[in-house]
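One structure below.
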Amino acid sequence: PSAASEVGTDIASPTSSAKPSVASPGTPAGGSQPTTPAAGAQAAALLSPAGVLDSSQATSTDEVSVEDIEEYARWLGMDLENEKDLWWIAEEGLKADVPAPWKTCEADGEVFYYNTETGESVWDHPCDQKYKDLLAKERKKKTERIEAEKAAAEAKAAAEKVAAEAKAAATAKVSPSKAAKAGGKMLTPLTAARVSP
C-alpha cells in the first residue's frame, strides 16, 4: 500500500494496487476497483490532518458535466439509452458529501476514502452503494408503474371489445337484412327467429 506521503502523513491508501476503472465521486480512473480494500492496521492510529482533504481542497461538486453524469451512471450500472429519466440518481451521487466518519484523502495524486473509526480505506465513495441501491429501487418502481399502465391499457381494451361485441350483438338481433327477409317489416327478435331459415 502506498502512504499519503504527498501531504506528509502515513494514512494508508487502499491496499489494492489496482485503481478504479470508472470514477465514482472523487475516485481516480484507471484499472479495476477493489471491492473492499483495507488499510494497514496502524493507519487508524496514524491519522493526522495532513493528507485529509478539507472542503477547500476537495473538488467542487456543485457543477458536474454531462460526461461525468454519464460515466457515473454507467459505473452504477445504468442503461444510458433507456434510463435517462434516472440520471438524477447519478447526478445526486456525484454531488454527495462524504459522511462521517469517512474522510477524503489523497495519496500520490489519487483520491481515496478513509474511515477514521475503523481504519478502512476504499477507492469508492462511501455513498456509492446507497446510489446503487437507489437505482435498483427506482428501477423496480418504474417497472411496476409500466406494468400497471400496461395492465390498465389491456383492461380498457378488453372492456371496449366487450362493449363493441355487445353493441354488435344487439344490432344483429334486429338487422336490416332480417327485416328485408320478412318483406321490409322490422321484426322483433322473436319474430325474426321465426322468419330466419
Side-chain angles (χ1 to χ4, degrees), residues 1-2 4 6-7 9 11-39 47 49-150 152-153:
S2 62
E6 179 177 311
V7 284
T9 185
I11 297 172
S13 63
T15 57
S16 171
S17 61
K19 303 294 183 214
S21 60
V22 178
S24 61
T27 59
S32 61
Q33 290 193 350
T35 53
T36 53
L47 179 62
V52 177
L53 302 178
D54 65 25
S55 59
S56 66
Q57 296 169 304
T59 306
S60 171
T61 58
D62 292 337
E63 297 292 325
V64 293
S65 69
V66 171
E67 292 81 15
D68 290 338
I69 294 170
E70 286 179 355
E71 184 176 357
Y72 188 55
R74 190 177 299 110
W75 185 87
L76 288 172
M78 199 176 294
D79 180 337
L80 298 184
E81 292 300 315
N82 298 315
E83 295 183 319
K84 287 187 179 185
D85 58 317
L86 300 178
W87 279 25
W88 62 270
I89 296 170
E91 183 174 5
E92 187 178 304
L94 285 171
K95 293 180 178 182
D97 290 330
V98 178
W102 291 92
K103 298 290 181 187
T104 304
C105 300
E106 185 174 6
D108 302 324
E110 303 291 347
V111 174
F112 65 97
Y113 303 92
Y114 178 75
N115 185 314
T116 59
E117 291 179 2
T118 66
E120 178 183 13
S121 296
V122 296
W123 293 115
D124 294 344
H125 190 287
C127 294
D128 282 348
Q129 189 59 48
K130 170 185 170 183
Y131 291 99
K132 284 184 176 186
D133 294 345
L134 180 59
L135 175 59
K137 179 181 173 185
E138 291 298 319
R139 271 185 181 148
K140 182 178 179 184
K141 283 174 33 179
K142 181 179 176 180
T143 299
E144 289 171 351
R145 185 185 74 246
I146 290 169
E147 288 174 358
E149 289 171 357
K150 182 179 176 183

Let me confirm one number: the [atom1]-[atom2] distance from [X] to [Y], rounded to the nearest 0.5 Å.
X      : Y      : atom1 : atom2 : result
Leu80  : Glu70  : CG    : CD    : 6.0 Å
Asp97  : Trp102 : CG    : CH2   : 15.5 Å
Leu134 : Gln129 : CG    : CD    : 11.5 Å

Do Arg139 and Leu135 pass the side-chain contact (heavy atoms from CB on, under 4.5 Å) test, and can you show the C-alpha distance, the side-chain angles, and the key distance before you say yes or no? CA-CA 6 Å; Arg139 271 185 181 148; Leu135 175 59; 3.8 Å; yes
Counting N and O atoms only, with roles assigned by atom type, does the side chain of Asp128 sit under 3.5 Å from a partner on the main chain of His125, one being a donor and the other an acceptor?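 It does hold such a pair.
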If you compare all heavy atoms of [X] against all heavy atoms of [Y], which two are closest, and at what distance to 0.1 Å?
X     : Y     : result
Leu86 : Met78 : O-CE, 3.4 Å
Trp87 : Val66 : CZ3-CG1, 4.2 Å
Ala90 : Leu76 : CA-CD1, 4.1 Å

Are the charged groups of Glu138 and Lys141 less than 4.0 angstrom apart, N to O?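 So Glu138 pairs with Lys141 through a salt bridge.
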Taking the side chain as C-beta and beyond, is there a heavy-atom pair between Ile146 and Lys142 under 4.5 Å?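 Ile146 vs Lys142: side chains touch.
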Any side-chain heavy-atom pair of Val122 and Phe112 under 4.5 Å: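 Sidechains of Phe112 and Val122: no contact.
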If we check side-chain contact (heavy atoms from CB on, under 4.5 Å) with Tyr113, which of these qualifies: Cys105, Pro126, Ser121?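 The option that passes is Pro126.
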